[in-house]
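Reviewing the structure listed below.
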Amino acid sequence: MPAYCPYSKFQVGACLLAEDGRTFKGCNFENASYSAGICAERCAVANAVVNGARRFKAIAVVGSTAVAWPCGICLQVLREFCGPDMPVIAGAFGKGYRVRTLGELLPEGLTPEDLGVNV
Ligand code: THU
């Protein structure tokens with residue numbers, strides 16, 4: 001996965017499995033203005049959405065040296081398109097993985113339904 005991470009050197013790859021069976025990859029890409037960087041998970045979501053996929057069955061995330069649990073912003077972005085039961089598989093390269101549901105990681109995420117929107 002071609003992560004662009006010259007500052008942290010922490011490579012992260014994410015892969016979203018869409019309901020239609022397609023997969024969408026993402027990597028982290030950092031920026032000299034640090035806060036402008038984007039995590040691998042949001043990169044994968046953008047990749048999926050631009051290709052017409054909005055419903056997902058699972059996401060896998062792998063960090064190069066440590067388990068890469070999605071950050072709070074990525075969990076909220078995932079919650080826009082995924083239910084609380086969706087599995088989040090987080091691993092470290094060569095060190096195994098753990099599985100939690102999106103709802104376990106973000107129990108009270110704001111949803112489109114909370115704002116009266118059906119997507
Ligand atoms: N990062 C991700 O891409 N996903 C995660 O789940 C954890 C952190 C990235 C952001 C930044 O480029 C680097 O890892 C160090 O935090």
Side-chain angles (χ1 to χ4, degrees):
M1 178 65 61
Y4 176 73
C5 50
Y7 306 104
S8 73
K9 317 273 196 223
F10 184 54
Q11 298 171 285
V12 185
C15 187
L16 265 173
L17 174 61
E19 274 191 6
D20 64 10
R22 290 184 290 166
T23 55
F24 298 95
K25 293 187 280 189
C27 66
N28 57 329
F29 57 97
E30 299 179 347
N31 192 279
S33 178
Y34 289 3
S35 60
I38 299 288
C39 295
E41 296 90 325
R42 272 176 286 155
C43 180
V45 171
N47 185 14
V49 171
V50 79
N51 283 290
R54 295 180 184 169
R55 297 190 180 282
F56 306 105
K57 288 206 258 192
I59 186 167
V61 192
V62 178
S64 53
T65 55
V67 174
W69 287 110
C71 75
I73 297 173
C74 288
L75 292 171
Q76 179 61 41
V77 167
L78 287 165
R79 189 65 184 87
E80 181 75 15
F81 300 106
C82 311
D85 295 336
M86 188 187 78
V88 177
I89 303 151
F93 192 75
K95 294 183 183 167
Y97 62 90
R98 286 151 57 195
V99 185
R100 295 280 183 270
T101 65
L102 184 57
E104 286 177 310
L105 298 172
L106 185 73
E108 302 291 352
L110 192 67
T111 68
E113 295 72 34
D114 290 329
L115 301 183
V117 175
N118 282 314
V119 291

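Note that the numbering runs from 1 along the sequence shown for the chain. Atoms within each ligand, like the ligands themselves, are counted from 1 in listed order.
Within 6.0 Å of atom CG in Leu110, more than 12 heavy atoms from other residues, nucleotides or ligands are found, so the atom counts as buried in its surroundings. By the 6.0 Å contact criterion, CZ on Phe93 is open, its count of non-hydrogen atoms from other residues, nucleotides or ligands being 12 or less. Counting heavy atoms of neighbouring residues, nucleotides and ligands inside a 6.0 Å radius, atom CD of Glu108 does not exceed 12 of them. The local environment of OH in Tyr97 is sparse, with at most 12 non-hydrogen atoms from other residues, nucleotides or ligands closer than 6.0 Å.
Of the candidates Ser8, Cys27, Cys43, the one placing a heavy atom closest to atom 15 (C) of ligand 1 is Ser8.
Between Val12 and ligand 1, a contact under 3.5 Å exists for no N or O pair.
Atoms of ligand 1 found under 4.0 Å from any heavy atom of Pro70, numbered from 1 in the order shown, are 6 (O). Which parts of ligand 1 touch Ala68 is read off a 4.0 Å heavy-atom cut-off, strictly below it: atoms 6 (O).
For atom 14 (O) of ligand 1, the closest non-hydrogen atom on the protein side is Phe10 CD2, 3.4 Å. Among all protein heavy atoms, the one lying closest to atom 12 (O) of ligand 1 is Glu30 OE2, 2.5 Å. Nearest to atom 10 (C) of ligand 1 among the protein's heavy atoms is Cys39 SG, 4.0 Å. In terms of protein heavy-atom proximity, atom 9 (C) of ligand 1 is closest to Asn28 ND2, 3.6 Å. Looking at atom 7 (C) of ligand 1, its nearest protein heavy atom turns out to be Trp69 O, 4.0 Å. The protein atom (non-hydrogen) at minimum distance from atom 6 (O) of ligand 1 is Glu41 OE2, 2.6 Å. Regarding atom 3 (O) of ligand 1, its nearest protein heavy-atom neighbour is Ala40 N, 2.9 Å.
Ring geometry for Tyr7 versus Tyr34: interplanar angle of 30 to 60°, hence tilted.
Gln76 places no side-chain N or O within 3.5 Å of a backbone atom of Gly109 that could act as its donor or acceptor partner.
When all heavy atoms of Glu41 and Ala68 are compared, the closest pair comes out as OE2-O, 4.3 Å. Among all heavy-atom pairs drawn from Phe24 and Ala18, the shortest one is CE1-CB, 3.8 Å.
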